Amino acid sequence: MHVIHVQDAEGYNPSRFVARPFMEGDHANVRLIRLAPGQALPPHGHGVSDLFLYVVEGAGELDTPDGVVPFAAGALAHYRGAEALRVRNAGETGL
């Protein structure tokens, strides 16, 4: 068993987004992604793996085939591996 805390991870970087392994297991892992205001992840997929995004703090948006969807603290999104992930920080604080 292993416990970690978000506040102990790398902080926001205004010059580049942060995307780092946070906890890794044999069959699953957790990555911590931090987007400063205005930053976005480049569109990408995850092969055959499902992906879950949970917002701990801040407000952003997801670009989906059906349009832009608000994505803020407390929200959880599920992507199938082939679906393109497009997320950006649309707020004034870190996401």
Side-chain angles (χ1 to χ4, degrees):
M1 204 278 297
H2 184 70
V3 175
I4 55 177
H5 300 93
V6 171
Q7 61 269 27
D8 296 332
E10 180 178 352
Y12 292 96
N13 184 331
S15 63
R16 62 169 176 75
F17 66 83
V18 174
R20 300 272 187 262
F22 192 57
M23 183 179 279
E24 297 187 80
D26 293 333
H27 303 285
N29 67 69
V30 175
R31 296 184 68 82
L32 177 74
I33 300 169
R34 292 191 192 241
L35 301 174
Q39 291 179 336
L41 287 180
H44 66 286
H46 285 263
V48 297
S49 297
D50 284 0
L51 173 72
F52 293 88
L53 292 177
Y54 179 74
V55 181
V56 174
E57 61 188 8
E61 53 191 29
L62 302 173
D63 185 11
T64 74
D66 297 324
V68 175
V69 175
F71 193 51
L76 177 67
H78 173 224
Y79 285 84
R80 301 269 181 217
E83 291 181 285
L85 166 64
R86 295 179 182 96
V87 60
R88 82 177 193 91
N89 183 341
E92 297 180 15
T93 61
L95 172 68

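Just so you know, these numbers come straight off a predicted model, no measurement behind them. Just so it is clear, the values below take in all heavy atoms, side chains as well, and ignore hydrogens, waters and symmetry mates.
Side-chain atoms of Glu61 never come within 3.5 Å of backbone atoms of Arg88 as a donor-acceptor pair (strictly under, hydrogens ignored).
Interatomic distance, CG of Leu41 versus CZ of Arg86, reported as 12.0 Å (0.5 Å rounding). In this structure, NE2 in His78 is found 10.5 Å from CG in Leu53, a value given to the nearest 0.5 Å. Distance check: Glu57 CD to Arg34 CZ gives 6.0 Å after rounding to the nearest 0.5 Å. The distance from the CZ atom of Arg20 to the CG atom of Leu32 is 9.5 Å, given to the nearest 0.5 Å. Atom CD1 in Ile4 sits 3.5 Å away from atom CZ in Phe22 (nearest 0.5 Å). Here CD1 of Ile33 is found 7.0 Å from CG of Leu85. Values are rounded to the nearest 0.5 Å.
Between Ala19 and Phe17, the closest heavy-atom pair is CB-CE1, 3.9 Å. The heavy-atom pair separating Gly94 from Pro37 by the smallest distance is N-CD, 4.3 Å. The heavy-atom pair separating Asn89 from Thr93 by the smallest distance is ND2-O, 2.8 Å.
Crowding of Gln7 atom CD: a count of heavy atoms from other residues, nucleotides or ligands under 6.0 Å exceeding 12. Annotation for Arg16: atom CZ counts as buried by contact number, over 12 foreign heavy atoms lying within 6.0 Å.
Residue Val30 is grouped with residue Val6 when hydrophobic side chains (ILVMFWY) are merged at heavy-atom distances under 4.5 angstrom, including chains of intermediate members. Hydrophobic clustering keeps Leu76 apart from Val55 (ILVMFWY residues linked when any side-chain heavy atoms are closer than 4.5 Å, directly or through intermediates). Tyr12 and Phe71 fall into different hydrophobic clusters, where Ile, Leu, Val, Met, Phe, Trp and Tyr residues are linked whenever their side-chain heavy atoms come under 4.5 Å apart, directly or through other members. Leu62 and Tyr54 fall into different hydrophobic clusters, where Ile, Leu, Val, Met, Phe, Trp and Tyr side chains are chained together by heavy-atom contacts under 4.5 Å.
In this structure the side chain of Asn29 never reaches within 4.5 angstrom of the side chain of Met23, judged on heavy atoms. With contacts defined as side-chain heavy-atom distances shorter than 4.5 Å, the pair Tyr79/Val87 does not qualify.
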